[in-house]
Amino acid sequence: MYNFEFAKPKTVEEAASAMAAEGAQALGGGQTLLPTMKQRLASPEVLVSMTGIESMVGVAVRGDTLTIGGATTHAQVAADAADLYPGLAALAANIGDPAVRNRGTIGGSLANNDPAACYPAGALGSGATITTNTRDIAADDYFQGMFETALDEDEIITSVSFPIPEKANYQKFDQPASRFALVGVFVAKTADGVRVAVTGASNEGVYRWTEAETALSASFSEGALESMSGNLDDMIADLHGSASYRAHLVGVLTRRAVAACG
Amino acid sequence: MAADGGMGHATKRREDVRFLTGRGKYTDDYTPAKTTYCAFARSTVANGKINSIDTKDAAGMPGVVTVFTGEDFAEVGGNPAGWLINSRDGEPMKEPKRPVLAHGKVRHVGDAYAAVIAETLEQAMDAVEAIDADIDELDAVVNMVDALANSTTLVHDEIGTNQCFDWGWIEDNRAATDEAIKNAPHVTTLELVNNRLVPNAMEPRCSIGEYDPGTGDYKLTTTSQNPHLTRLLISAFVMGIPENKLTVHAPDVGGGFGSKIYHYGEEALVLAAAKKLNRPVKWTSTRTEAFLSDAHGRDHVTKIELACERDGTFIAFRTETMANVGAYLSNFSTATPTFLHGTLMAGNYTVPNVYVNVKAVFTNTAPVDAYRGAGRPEATFSLERVIDKAARELGMDPIALRRKNFIKPDQYPYASAAGLEYDSGNYDALMDGLEAAADLAGFEARRAESAKNGKLRGLGINSYIEACGIAPSNLVGVLGSRVGLYDAATVRVNATGNISVMVGAHSHGQGHETAFPQVVADMLGVDPMSIEIVHGDTSKIPFGMGTYGSRSLAVCGSAVFRATEKIIKKATLIAAHMMEDKPENVDFEDGDFSVKGTNKKVSFGDVALKAYIPHDFPLEDIEPGLEETAFYDPANFTYPSGAYACEVEVDPDTGKVDICSMIAMDDFGNVVNPMIVTGQVQGGLAQGIGQALLEHGIYDENGQLLSGSLMDYAMPRADDLPNFVVDHSHATRCTHNPIGVKGCGEAGAIGSPPTVVNAVVDALQRGGHDVEHIDMPVSPARVWEAMNG
Amino acid sequence: MPTITMNVNGTAVSANVENRTVLSAALREELGLTGTHIGCDTSQCGACVVHVNGKAVKACTMFAVEANGADVDTIEGQAHVDGSLNVIQQAFQDHHGLQCGFCTPGMIMSAAALLKENPKPTEAEVRDYLEGNICRCTGYQGIVNAIMAASGQTPAIAAE
């Protein structure tokens, strides 16, 4: 890989100033970025590590909101949020593998917005708020297509706040090689209605399946979805599955998520 | 039998200790002083004309020592194919040159056309990016049907065709087979694909070249299953370095599965560079390079017909196969789809007519060669899938149909209709064992339980035979091999009684350091820990043909056996001399020599010492020393066989297949270390299940490898697999080698793919889905699509 | 070049590395600890798993500079002080949990991390935990049996 300058700030302010440098990029756990750099497909000039910023690490609950520091690892979320927001903790507990979960961070995952990653479904499905060093961004505004987000180049995800729903469940159908989601569906039932977020399936990245949300808001049951399947138009087709297979899985996994919510 | 550590004992592996403590020494763990690093420029297009390669900028980059292009090797020889196959019309196969570096054209994505040597690896990689290659992309030949039909888009312009050969086996049987099929009461036909696999040994290839200008000696340290063959190919064909000036050393090797049998251009390059620079040159493959440049496996497209009587008696098998050889002929690539495939197309059956046609096809893809099983998995898959389909069409139980046609124990030696003579076996005994272990009576209850959980359960059965112990030079010579396939061993008894055994086989996970001493210890009655195996280094070993084709124990182990017999014979002379009696009066038992009918006795250790202190030897009768070498060339292949059963559950909502059970009943003949044998079968089963459910080397129409990393090429993980039931107690000895062994390394990978697919099709059929076949890998998407038309 | 200090297998060490040097390369090339292996470039195979501050990580997917000041445990530090195999290593030998040995260091380090978190895992939990460690040789059965045995439990189907 290409060489780079390395910064390991202790505070968000130091990080923000480091990120102002030309060619700077935030480094979370590096579980996607390092392999990309090894392939010489990314060439940041400065890497700013977020994992030394104590205020960006940890899981806290205030009222009905769970807040996760941007540099918190998947393993920590899986452990610390298990009682607070089990649906989300279970999602975190099934990202990658144990060694990846010990390094990968929620901020890194959301900033990358891989179209097959799990956290985008959790954040969008929960109606989370992504807090950066400069502003709050609603999940509905944050995800803007495959690998695209509302983040500015030098913006840092400091925390993510999840309204804790009445019930939630994430169903992931593994792509057999990468163990990313071939399709993943996050369903959250709140007092205001039901949110359904789908990852892995669409060329547009994570998205809300509004037809299912409407049906489930009317009646939160598998039967409400009948034999509904995802919209074929935007579905990814690749060596692991056709568009129609993915659209079918969207329906299956949504029904399973609803069933698992109990 | 020695009570502990001898033949038949599940001795724990001594080599494990260094591997478990991080002290294994693999090639990449060696970095000689002043090493330079090599990185390759590889083609990003599948087919391209090289107009020019400008290396000026690269050569001027920091740390760069030198740059090579194909031009530098234009006068050097090519890497040859080891087997000459003749087409049906008698024409020899087409053999385009396989250069060290691509010259004139690049022929597959990953084809190396330049190499940079620099002080550090990163500097070498930086400089690769600075090479200015002007390459015109040409249309790629990817699909085999198109490749044969299209005479204008060629992988190798100079041969005028994409067909390497059109081979018939046995050509003289063709007319009779055609006639038998035409007149048969029932013919079952199946078209299938044997999916391309990427071997993915966990240790990527690595090669280090060194040159000593004082002596003119070259040394290649490399990841090889087969160091002597690599030396032979480099010496005789590629670089002309005399064999006695080239040492090839393969230290610990991290898996191979076939991919490290072959000589690769990178090995020649680091040697040439080492000489030019007078410094060591090291290249370590990345996984990405491994996907693009290691020899792949399988990749057949086949139509098979089974003709039979209404009662299920087999009349004929006829097979037409297209075998992808990729862009260049790798060393065994022409043997794999022919003599390791066609000769097995009678299976375990008393079928009178067999004919196989194989067209080998060049495509703009990575070379394809032997991968665990090598031809035999392709044969078994075709046979056992079409037999399963025939059973359904005939309304017969698939086990009954197989049993009806099995060769019976009293028929050995049995001359198969595909040209081999099977020496021993008992397929009914294996099937009996399988039926007992598989609890077939309980299947319906298990199926009902699965159904309650919304799953479709299926049962798959399979029987296989393979030809191993590759093998007899006289036979392989007739079949087109350009080398002999014997093996060699030297047993050196040192003066203090410990023993070094130099063997031509080379372990890359098979536990030779433990198993071979068990053979010697058993024969000499000594502690196995006093015996050490030396392997992998051409400067220390008489000769060898390496480890592949489940041959190590059957062929090299037999050489060890023969050399040890010679040791005993010589030691008996010395013992007789020591006890002042005639050799014919001396017995050797449990490590002691004694004179019949007396209490005179000397131990093996005393004899060993005496061999090196021959103060009173009658030197005209006994030479000093105690060291013997044997070359062993067997009389025949060995023929392991087995019966397998698998139960699967299919999730009808997603198409996902879960393996519930996998039972392997194998006949490996005599077993030296049952723990190691069980491990070999388990590993083979995992690879076979990987082929059946997960793995697929898949190129797009432009020749880009879509599954070119572990992100897209699905390797079996722990949670993809069940616990296996492995049983090798239903054994019949191999009749022609001294240890009675048959070989176990490939069985699991041969027997399991059709078992799994048979089970999946059975599950769907029982679930009311009219699905006759699904090509591997039987992925969730493919199953769901098959179920939903 | 930055100098980093680490406590590797209980010994304080320092190494000069580039920022781009990954931890696995620093261990192998700067410190000569070649037991940590590199089997892929996409963070999938797990041959490079080591412990950093007590947690299993893939040493190929972490910059050496990120380990500055950290405790790092590798395969070379796993055996007992007298050189004898620890309970996990011994179980791998007893249950034929390795063949070529290349994935083994990562397997041992992952197994150690698992048993620290979960001293009595079920077989399914063992298989699930090994999601990030690929073995091409064993079919995993010997590995799973070894880890079950190391946890004091009886493997489902024992080897010979």
Open item on the list: Ignoring hydrogens and geometry beyond distance, is a side-chain donor-acceptor pair present between C:Ser14 and C:Thr3 at under 3.5 Å?
Closed with: no
TODO: Tell me, with the steps shown, if C:Asn16 and C:Glu30 meet side-chain hydrogen bond (donor to acceptor under 3.5 Å, both in side chains).
DONE: CA-CA 8 Å; C:Asn16 293 323; C:Glu30 302 303 318; over 6 Å; no
Open item on the list: Measuring only between side-chain heavy atoms, which start at C-beta, is C:Ile143 closer than 4.5 Å to C:Phe92?
Closed with: yes
Task: Proximal component of C:Leu98, with respect to chain B [non-hydrogen, under 4.5 Å] - done: both
Task: Check ion pair C:Arg20-B:Glu122 (N to O, under 4.0 angstrom) - done: yes
Open item on the list: Taking the side chain as everything from C-beta on, heavy atoms only, tell me whether B:Asp727 gets closer than 4.5 Å to B:Ile663.
Closed with: no
- [ ] Please state whether the side chain, the backbone, both or neither of C:Gln93 comes within less than 4.5 Å of a heavy atom of chain B.
- [x] both
Open item on the list: Please report the interatomic distance CD(B:Gln682) to CG(B:Leu721), rounded to the nearest 0.5 Å.
Closed with: 10.5 Å
TODO: Could you tell me which of B:Ser507, B:Pro722, B:Gly24 has the largest number of non-hydrogen atom pairs under 4.5 Å with chain C?
DONE: B:Pro722
- [ ] Tell me, for C:Phe102 versus chain B, whether the close heavy atoms (under 4.5 Å) come from the side chain, the backbone, both or neither.
- [x] both
Task: Residue B:Arg23 versus chain C: region with a heavy atom under 4.5 Å - done: neither
- [ ] Could you check which of B:Asp719, B:Thr286, B:Thr284 has the highest count of heavy-atom pairs closer than 4.5 Å to chain C?
- [x] B:Asp719
- [ ] Report yes if the distance between the aromatic ring centroids of B:Tyr371 and B:His296 is under 6.0 Å, otherwise no.
- [x] no
Task: Value rounded to 0.5 Å, distance of OG1 in C:Thr36 from CG in C:Leu23 - done: 8.0 Å
Open item on the list: Counting heavy-atom pairs under 4.5 Å with chain B, which one of C:Asp41, C:Leu130, C:Asn133, C:Asn86 comes out on top?
Closed with: C:Asp41
- [ ] Please determine, by modelled atom types, if C:Asn145 and C:Gln141 share a side-chain donor-acceptor pair under 3.5 angstrom.
- [x] no
TODO: Examine whether an atom of B:Thr31 lies under 4.5 Å from a heavy atom of chain C, and if so say whether it belongs to the side chain, the backbone or both; otherwise answer neither.
DONE: neither
Open item on the list: Need one label for B:Leu685: side chain, backbone, both or neither, based on atoms under 4.5 Å from any heavy atom in chain C.
Closed with: neither
Task: B:Tyr644 and B:Asp666: side chain donor to acceptor below 3.5 Å - done: yes
Task: C:Ala79 portion near chain B, given a 4.5 angstrom heavy-atom threshold - done: side chain
- [ ] Measure B:Asn673 against the heavy atoms of chain C and call it side chain, backbone, both or neither at under 4.5 Å.
- [x] neither
Open item on the list: Looking only at heavy atoms and a cut-off of under 4.5 Å, which of B:Val17, B:Asp252, B:Asp28 has the most pairs with chain C?
Closed with: B:Asp28
- [ ] Under 4.5 Å heavy-atom distance to chain B, tell me which part of C:Ile88 shows up: side chain, backbone, both or neither.
- [x] neither
Task: Part of B:Gln680 within contact of chain C (heavy atom distance under 4.5 Å) - done: both
Open item on the list: I'd like to check C:Pro121 versus C:Ser151 (side-chain heavy atoms, cut-off strictly below 4.5 Å). Are they in contact?
Closed with: yes
Open item on the list: Looking only at heavy atoms and a cut-off of under 4.5 Å, which of C:Arg127, C:Gln78, C:Arg136 has the most pairs with chain B?
Closed with: C:Arg136
Open item on the list: Between B:His508 (side chain only) and B:His506 (backbone N and O only), is there a donor and an acceptor less than 3.5 Å apart?
Closed with: yes
Task: Residue, of C:Arg28, C:Glu76, C:Glu18, that accumulates the most heavy atom pairs under 4.5 Å with chain B - done: C:Arg28
- [ ] Go through the atoms of C:Thr138 and report whether side chain, backbone, both or neither lie under 4.5 Å from a heavy atom of chain B.
- [x] backbone
Task: Interface residue of largest heavy-atom contact number with chain B, from C:Cys137, C:Gly39, C:Gly35, under 4.5 Å - done: C:Gly39
Open item on the list: With a 4.5 angstrom heavy-atom cut-off, is it the side chain or the backbone of C:Ile134 that approaches chain B, or both, or neither?
Closed with: both
